[in-house]
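Notes to accompany the following structure.
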2 protein chains.
Amino acid sequence: MNVRDFKNKVYGELASITKALANPHRLEIIELLAQGPSSVEYIADQTALSIANASQHLQTLKGARLVATEKRGKYRYYSLANRHVFEVWNSMRELGLSRNAEVERLIRDFRTSRKAMESVTSGELLNRLEKGSAFVIDVRPRKEYEAGHIESAVSVPHDELIRKLKSLPKDKQIVAYCRGPLCAMAYEAVELLQEKGYRAARLEVGYPEWELKGLAVNVT
Amino acid sequence: MNVRDFKNKVYGELASITKALANPHRLEIIELLAQGPSSVEYIADQTALSIANASQHLQTLKGARLVATEKRGKYRYYSLANRHVFEVWNSMRELGLSRNAEVERLIRDFRTSRKAMESVTSGELLNRLEKGSAFVIDVRPRKEYEAGHIESAVSVPHDELIRKLKSLPKDKQIVAYCRGPLCAMAYEAVELLQEKGYRAARLEVGYPEWELKGLAVNVT
DNA sequence: ACAATAATCAATATAATTATTGAATATATA
DNA sequence: TATATATTCAATAATTATATTGATTATTGT
């Protein structure tokens, strides 16, 4: 094999992985799977895809060995193959945000409020948790909370937030987190809480990034 | 705009960037541009593409704002838009190597020798340079050396290595580096040097990774 | 101004990707 | 065993990506 054939094969292999990621729905699926293993049905529901279409996209990801699957009962659970997949997604998202004012503008414009929102770093949150001065809420759907969450966090899915307001403390700062930097749920939660007179801030990362730093407790 | 439209736009933007990367030739171009700015002609030559085809791929990368261009005289120089592009490429390559025995096997099989090859980390090289116990050679094409190289390195393009053997020291270890982990030039150089009785090892990273760590000296 | 060089553009044929539809295959539960 | 549920498969049409070719534009040097 000559050098050119070798290069063609190596870059071809890498491009086939990249191609498997190069689709809006599959990127969304990757971010969803970063929250924890999910069934096809749940993935289809969360991404607004038909079951058959979601299944096909999952086959594509599986073909590139970006996801692993496990069958339990009549459900088949998909999950990310390894941390490298999440890291590619992370750097991809960083690139998108850096390169493209468009994406950032989209995110900013989507917030109903224009005022800058206070955010808390992972390190700060750890400090406040030790001092007992923060109350952490996980605003993702309950299934994702159950698949893994920040140790002391309470599950308050964003569509249940209004109903559960009374159970939240007014004397502590409430720190909300969700799926990650592209996810709007924590933004919305903080906004609502502030309107209702709570002290609230957003965790600057989502659960997968927190977990990657080895700070997580998994519930099984 | 509702949540679904918002998500479609954000993931669509990110997928359009990913699509721009999802091609073997464009990945090879990214790695080449990580060595420094290059003209279309040079890129076409190094990647074995026709000029027109290389130009089209560069347009695609430019459209996704992954590369920047500058015209000097009759040449147009392309370069990576920012470090995020290189970091995506890096994590992509890591994912490829982790996920795919195939890629790793290709790289291993391509070496003519089967014996494991000693490699030197960046930190070790810095130590040895301070002690004066290493002699560093850059085996990339001279143009890439000229665009930036390790401070004390000497340019010995891999196709000139045999002719330049006599100028290399036998009493020091010779450390060879090239474009990065997928590049075969340093492997081949070390192999040749060892056959000829030199003490030689491969730097475990390429020039772009070294530069990313802020260890580089740029020549302009 | 004229030739030579570097790069891009435009048109085209081929190949690959995608969403949709309906049928098929497992698995659990009654 | 029958039935409902979860997922995959296969076929299709529409869209998008790719390499090639030859023409065109921009720049340099004579």
Side-chain angles (χ1 to χ4, degrees), chain A residues 4-5 7-8 11-30 32-33 37-79 143, chain B residues 4-5 7-8 11-30 32-33 37-79 143:
Chain A
R4 180 39 51 193
D5 290 345
K7 286 188 178 175
N8 288 348
Y11 292 110
E13 281 292 326
L14 292 176
S16 75
I17 302 175
T18 316
K19 272 189 217 292
L21 287 170
N23 173 281
H25 303 304
R26 292 199 291 271
L27 287 179
E28 189 173 359
I29 289 172
I30 293 290
L32 186 59
L33 295 182
S38 301
S39 66
V40 178
E41 189 185 31
Y42 186 73
I43 293 162
D45 177 57
Q46 291 292 316
T47 56
L49 292 173
S50 72
I51 296 276
N53 198 9
S55 176
Q56 281 195 186
H57 282 301
L58 287 163
Q59 298 310 308
T60 302
L61 291 170
K62 193 179 171 187
R65 283 180 269 180
L66 298 174
V67 301
T69 86
E70 187 198 354
K71 190 153 187 178
R72 288 209 297 270
K74 50 180 179 174
Y75 295 90
R76 178 172 289 279
Y77 290 89
Y78 282 82
S79 55
K143 274 192 184 174
Chain B
R4 182 38 51 194
D5 291 345
K7 286 187 179 174
N8 288 347
Y11 293 109
E13 281 292 325
L14 292 175
S16 74
I17 301 176
T18 316
K19 272 188 217 290
L21 288 170
N23 173 280
H25 302 304
R26 293 199 291 271
L27 287 179
E28 188 173 359
I29 289 172
I30 293 290
L32 186 60
L33 294 183
S38 301
S39 67
V40 177
E41 189 186 28
Y42 186 74
I43 294 163
D45 177 57
Q46 291 293 316
T47 56
L49 292 172
S50 70
I51 296 277
N53 198 8
S55 176
Q56 280 193 188
H57 282 301
L58 287 163
Q59 298 308 308
T60 302
L61 292 169
K62 193 179 170 188
R65 283 181 270 180
L66 298 174
V67 300
T69 85
E70 188 199 354
K71 190 153 187 178
R72 289 209 296 271
K74 50 181 178 172
Y75 295 91
R76 178 173 290 279
Y77 290 89
Y78 282 83
S79 54
K143 273 192 184 175

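Just so it is clear, the structure is predicted and the values come from calculations on it, not from any experiment.
The two residues A:Glu13 and A:Ser16 have their closest heavy-atom pair at O-OG, 2.8 Å. Pairing each heavy atom of B:Leu58 with each of B:Val67, the nearest pair is O-CG2, 4.2 Å. Of all the heavy atoms in A:Asn23 and B:Ala15, the pair that sits closest is C-CB, 3.6 Å.
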Donor-acceptor pairs under 3.5 Å, side chain of residues 45-54 of chain B to any protein atom, not counting sequence neighbours: which ones?
residue, atom, partner, partner atom, Å
B:Gln46, OE1, B:Arg179, NH2, 2.7
B:Thr47, OG1, B:Ile43, O, 2.6
B:Ser50, OG, B:Asn53, N, 3.0
B:Asn53, OD1, B:His57, NE2, 3.4

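When the side-chain hydrogen bond (donor to acceptor under 3.5 Å, both in side chains) test is applied to B:Asn8, the partners found at least two apart in sequence or on another chain are B:Arg4. Residues forming a side chain to side chain contact (heavy atoms under 4.5 Å, CB included) with A:Ser79 (at least two apart in sequence, or on another chain): A:Pro37, A:Ala68. By the side-chain hydrogen bond (donor to acceptor under 3.5 Å, both in side chains) test, B:Arg72 pairs with B:Glu70, sequence neighbours left out. Qualifying side-chain hydrogen bond (donor to acceptor under 3.5 Å, both in side chains) partners for A:Gln59, counting only residues two or more places apart in sequence or in other chains: A:Tyr78.
No side-chain heavy atom of B:Pro24 sits less than 4.5 Å from a side-chain heavy atom of A:Leu14. The closest side-chain heavy-atom distance from A:Leu21 to B:Leu21 is not below 4.5 Å.
Checked by atom type and distance alone, the side chain of A:Arg76 never pairs as donor or acceptor with a backbone atom of A:Thr69 at under 3.5 Å.
The NZ-P distance, from B:Lys19 to D:dA17, rounds to 6 Å in whole Å. Residue B:Gln56 contributes atom CD, which lies 15 Å from atom P of D:dG22 at whole-angstrom precision.
The stretch residues 70-79 of chain A comes close to DNA chain C through A:Lys71, A:Gly73, A:Lys74, each having a heavy atom under 4.0 Å from the strand. Using a 4.0 Å cutoff on non-hydrogen atoms, the parts of residues 43-55 of chain A near DNA chain C are A:Ala52, A:Asn53, ordered by number.
Contact annotation: B:Arg26 does not reach the phosphate of D:dA17 (side-chain N/O to OP1 or OP2, under 4.0 Å). In terms of phosphate contacts, A:Gln59 brings a side-chain nitrogen or oxygen within less than 4.0 Å of OP1 or OP2 of D:dT8.
For DNA chain C, the outermost nucleotides in 5' to 3' order that have an atom under 4.0 Å from a heavy atom of chain A are C:dT17 to C:dA28.
Counting non-hydrogen atoms under 4.0 angstrom, A:Thr60 reaches nothing in the nucleic acid.
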